[in-house]
Amino acid sequence: MTVANNEATGASPAPAPSDFIRDIVAQHVAEKKYPRIHTRFPPEPNGYLHIGHAKSICLNFGIAREFGGVCNLRMDDTNPTKEDIEYVESIQADVNWLIAGWADDQLGLKSEAKPFFASDYFEQIYEFAIALIQKGKAYVCDLTPDETDEYRRHAKPSPFRDRGVEENLALFARMKAGEFPDGARTLRAKIQVDAPNIWLRDPLLYRIRHAEHHHTGAKWCLYPMYDFAHCLSDYLEGITHSICTLEFEVHRPLYDWILESLDLPRALPHQYEFARLSLGYTIMSKRKLMQLVMEKLVRGWDDPRLPTISGIRRRGVTPEALRAFAYHIGITKYNGVTDVAVLEHAIREDLNQRALRRLAVLRPVRVVITNFPEGKMEELDAVNNPEDESAGKRKIPFSRELYIERDDFAEVPPPKFFRLKPGGEVRLKYAYIIKCDEVIKDAAGNIAELRCTADLDSKTGGATAGRKVKGTIHWVSAAHAVDAECRLYDRLFTEAEPEKDGRDFKSVLNPHSLEVVTAKLEPGLKDAKAEERYQFERLAYFALDPDSKPDRPVFNRTITLRDTWAKEAGKA
RNA sequence: UGUCCGAUGGUGUAAUGGUAGCACAUGGCCCUUUGGAGGCUAUUGUCAUGGUUCGAAUCCAUGUCGGACAGCCA
């Protein structure tokens with residue numbers, strides 16, 4: 001999969017971000033250093049992509065987009081024992097989803113195109129290895145893994161370091177032919193055994209692995225190491241700017257050494273590093289995310305509580321929101337922890353613009369309007385989206401028996417409580433002002449029903465419609481309501497930094513990260529669409545979950561509305 | 001320990017030798033048939049010490065603190 005800029009397309013709508021990497025690229029563009037800017041996003045297919053990868057995707061595809069360049073999605077698949085086709089497919093889907101309508105529509109992405117695979121270059125990479133041997137810059141080493149470690153730590157040269165070119169060539173060919181077991185021999189670069197940078201102490205280029213590869217099958221039994229494959233893959237694809245995270249900084253001299261040692265004819269790619277994303281109240285390590293999935297601490301890789309792209313998508317976050325987030329956090333070399341509030345803000349801002357407003361009651365309590373005729377049903381006008389007039393209006397049914405939110409009634413109201421209380425008045429959104437006359441309780445003392453009277457002139461257009469009442473609450477008509485499963489998500493961890501001071505992240509899992517309730521929805525919501533976003537008024541944004549059945553919708557709470565009342569109440 | 005990198009309000013980022021700005025968060029006010037949204041407003045910062053300079057967040061030196069790497073993982 002490649003995304004390329006069509007010069008024909010117009011200006012990009014959003015202001016392009018600026019950061020130290022884009023500054024470098026901009027300078028190269030100004031200098032006409034390369035005919036075309038070419039980046040790549042190179043995940044290893046050994047797990048699902050997460051929001052940290054989203055940052056990298058937005059950077060790499062974003063740079064291509066902003067500078068009229070190209071960005072390749074490349075599977076960095078040089079280790080058959082850890083990788084799987086499942087991950088190749090999920091990565092493709094996640095990348096496509098994230099850049100949809102952004103890179104593809106504007107830049108001419110062929111979304112059905114296949115990604116690149118480092119493993120497609122194995123033959124050429126092998127040839128490069130031979131070239132290196134011929135130049136006397138690589139040798140076959142017979143040291144065991146432990147010995148290799150030992151020698152390297154003590155800056156001791158391998159006894160095989162000065163093997164002749166012919167012997168190296170013959171041995172390397174026999175490695176390829178499968179004559180040696182795993183671990184028996186390696187191909188190493190001949191650089192400097194006592195280099196201060198460990199990665200220059202004759203690093204491994206190839207290791208033997210008699211393993212089936214998800215993409216190349218049984219063709220190979222020796223596989224190039226990351227350092228060897230990556231720079232050469234970049235070169236082969238014509239990459240100009242190879243952007244990776246900070247932990248590869250120490251590898252950069254090796255990246256350059258390999259390419260420079262080969263005397264290659266074309267312009268060489270260069271590596272630039274930025275800080276990976278850390279987000280509060282979650283973890284980003286693929287290995288640990290895998291652990292949560294495998295130990296069934298979450299429901300799968302796409303569990304909406306996870307920071308995986310698939311989880312975030314399932315939760316109801318749009319690609320636009322995720323991209324806005326990536327834009328806002330910036331790109332630096334500083335390892336900080338980004339406040340999750342920045343993500344939440346990006347999500348709310350996006351959803352506020354697009355979500356259709358609906359009335360839904362999560363924790364119902366029954367209300368009877370005693371002066372409203374039994375059996376009568378009124379249809380009331382309701383606005384679909386106050387932020388977007390073109391979203392239009394809809395009708396919602398009103399009747400004598402309703403549900404309101406349990407939290408919207410207080411028998412003993414705290415200070416500044418603007419909602420329903422005994423003897424008090426409240427506005428029912430789009431409907432009447434009601435007054436609570438009586439609280440009916442069950443044998444256990446729980447509130448069973450509220451008996452209220454409505455000011456029947458107070459609905460929109462009525463004589464007393466303009467009456468000021470402090471609070472407005474949502475409601476649904478009991479007889480018309482649709483039942484739905486609503487999954488209410490909260491942060492996965494109780495601590496902003498789950499692994500701070502070496503603590504086990506599983507010890508701070510939030511036991512309340514998922515709460516499931518059966519909600520009462522306004523009837524139109526039985527036709528909810530997966531691609532729509534909804535705001536259940538005064539509560540939160542919701543999106544339809546794929547678990548939904550025709551007669552039993554399932555909604556995921558993407559994110560709550562800002563709740564200044566919760567803050568106010570918390571002060572008391 | 002070695003190598004490399006970094007340090008600007010609570011958090012994340014900008015200022016590329018010339019007025020320390022933005023966003024989020026936090027507080028206050030206004031508005032509101034969503035305690036949403038919106039509007040206005042306030043608080044808080046250049047790791048330390050020296051040096052160069054008319055002038056330093058920026059350049060230099062030293063120190064402090066933090067991070068990454070030291071797999072036949074990527």
Side-chain angles (χ1 to χ4, degrees), chain A residues 17-20 23 42-44 46 76-79 81-83 141 143-145 148-149 152-153 155 182-188 195-201 203-209 222-223 225-227 229-230 244-253 273 275-276 280 286-287 327-346 348-349 352-353 357 359 383 386-387 416-419 426-431 433 458-460 465-474 496 535-541 560-569:
Chain A
S18 167
D19 53 66
F20 78 98
D23 289 349
E44 184 190 13
N46 69 343
D76 208 354
D77 54 351
T78 56
N79 184 356
T81 60
K82 290 193 173 175
E83 297 153 8
C141 179
L143 254 25
T144 65
T148 308
D149 261 16
R152 191 149 46 191
R153 243 197 301 279
D182 287 4
R185 288 182 221 262
T186 57
L187 183 73
R188 297 178 67 175
N197 180 342
I198 301 261
W199 289 105
L200 260 18
R201 319 247 265 226
L204 271 61
L205 267 22
Y206 267 94
R207 78 291 218 190
I208 299 172
R209 282 269 182 290
L222 82 171
Y223 291 90
M225 299 288 293
Y226 163 84
D227 287 299
H230 200 90
C244 60
T245 45
L246 252 22
E247 64 268 31
F248 295 98
E249 226 162 3
V250 261
H251 293 239
R252 189 177 350 120
E273 310 87 11
R276 60 171 357 129
K286 266 196 216 176
R287 209 193 87 236
Y327 168 84
H328 283 297
I329 56 177
I331 301 291
T332 63
K333 299 184 80 147
Y334 176 74
N335 271 308
V337 180
T338 296
D339 192 336
V340 70
V342 179
L343 208 214
E344 294 174 341
H345 177 262
R348 288 194 180 102
E349 194 169 54
N352 177 49
Q353 293 305 315
R357 271 55 172 182
L359 298 187
V383 172
E387 304 293 325
K416 297 188 189 172
F417 186 81
F418 302 154
R419 289 111 96 155
V426 79
R427 159 79 66 180
L428 294 177
K429 178 87 179 176
Y430 300 125
I433 295 168
S458 63
K459 98 181 152 176
T460 309
R467 267 179 64 203
K468 293 290 174 202
V469 216
K470 198 70 177 153
T472 299
I473 64 173
H474 57 278
Q535 183 199 99
F536 293 179
E537 291 213 44
R538 301 208 313 128
L539 298 170
Y541 296 100
T560 61
L561 257 33
R562 274 186 69 215
D563 188 355
T564 49
W565 164 246
K567 276 178 208 160
E568 184 64 40

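Here is how names work: the chains are called A, B, and so on, in the same order as the sequence lines, proteins then strands, and each is numbered from 1. This structure is a prediction, so every number in the text was calculated from the model and none was measured.
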In RNA chain B, stems of three or more consecutive pairs, Watson-Crick or G-U, each with both distances under 3.5 Å, turn out to be B:1-7 with B:64-70, B:10-13 with B:21-24, B:26-30 with B:38-42, B:47-51 with B:59-63
Is the shortest distance from a Lys or Arg side-chain nitrogen in A:Glu44 or A:Lys286 to a carboxylate oxygen in the other one below 4.0 Å?
-> no
Mind checking A:Glu387 for me? I need base, sugar-phosphate or nothing, with any heavy atom below 4.0 Å counting as a touch.
-> base
Counting side-chain heavy atoms from C-beta on, which of B:rU33, B:rC24, B:rC72 comes nearest to A:Val342?
-> B:rC24
Hey, does the side chain of A:Arg207 come within less than 4.0 Å of B:rC73's phosphate (OP1/OP2), counting only N and O?
-> yes
Give a yes/no answer on whether the side chain of A:Lys333 brings an N or O atom under 4.0 Å of OP1 or OP2 in B:rA68.
-> no
Does A:Thr245 make a side-chain N or O approach to OP1 or OP2 of B:rA68 shorter than 4.0 Å?
-> no
Between NE2 of A:His345 and C1' of B:rC22 the distance, given in whole Å, is 13 Å
Would you tell me if any nitrogen or oxygen in the side chain of A:Arg348 comes within less than 4.0 Å of OP1 or OP2 on B:rC24?
-> no
Whole Å only: how far is the CD atom of A:Glu344 from the C1' atom of B:rA37?
-> 17 Å
When you measure from the side chain of A:Arg562, which nucleotide among B:rG35, B:rA37, B:rU3 comes out closest?
-> B:rA37
Side-chain N,O (A:Thr332) to OP1/OP2 (B:rG12) below 4.0 Å = no
Beyond-backbone contact of A:Leu204 with A:Thr148, side-chain heavy atoms, under 4.5 angstrom | yes
Please report, rounded to the nearest Å, how far the C1' atom of B:rG2 is from the CZ atom of A:Arg152.
-> 14 Å
Does any donor-acceptor pair link the side chain of A:Arg538 with the base of B:rU34 at a separation under 3.5 Å?
-> no
Would you mind telling me which of B:rC73, B:rU13, B:rA25 lies closest to the side-chain atoms of A:Tyr334?
-> B:rU13
Please report the C-alpha distance between A:Asn79 and A:Asn46 in whole Å, then the side-chain angles of each, then the deciding distance to 0.1 Å, and finally whether the side-chain contact (heavy atoms from CB on, under 4.5 Å) criterion is met.
-> CA-CA 9 Å; A:Asn79 184 356; A:Asn46 69 343; over 6 Å; no
Taking the P atom of each, how far is B:rA25 from B:rC5, in whole Å?
-> 36 Å
Validation row: A:Ile198, A:Arg152 side chains within 4.5 angstrom (heavy atoms) | yes
Presence of A:Thr338 side-chain N/O under 4.0 Å of B:rU11 phosphate oxygens OP1/OP2 | no
Report yes if at least one side-chain N or O of A:Arg276 is closer than 4.0 Å to OP1 or OP2 of B:rG67; otherwise report no.
-> no
Main-chain N/O of A:Arg185 paired with A:Tyr206 side-chain donor or acceptor, under 3.5 Å | no
Tell me, please, which residues at least two apart from A:Phe418 pass ring pair (Phe, Tyr, Trp, His ring centres under 6.0 Å).
-> none
A:Trp199 stacking on B:rA70: centroids under 5.5 Å, ring planes under 30°?
-> no
B:rA23 phosphate, OP1 or OP2: any side-chain N/O from A:His328 under 4.0 angstrom?
-> no
Looking at A:Lys468, does any N or O in its side chain come under 4.0 Å of the phosphate oxygens OP1/OP2 on B:rU33?
-> yes
Looking at A:Arg201, does any N or O in its side chain come under 4.0 Å of the phosphate oxygens OP1/OP2 on B:rA70?
-> no
Within the distance-only criterion (no hydrogens, no angle test), does the side chain of A:Arg201 pair as donor or acceptor with the backbone N or O of A:Ala195 below 3.5 angstrom?
-> yes
Selected nucleotide, minimal atom distance to A:Asn79 side chain, candidates B:rG71, B:rA74, B:rU34 = B:rA74
Given the P atoms of B:rA7 and B:rU16, what is the spacing between them in whole Å?
-> 15 Å
Donor/acceptor link under 3.5 angstrom from A:Thr460 side chain onto base of B:rU33 | yes
Is A:Lys416 salt-bridged to A:Glu568, cutoff N-O under 4.0 Å?
-> yes
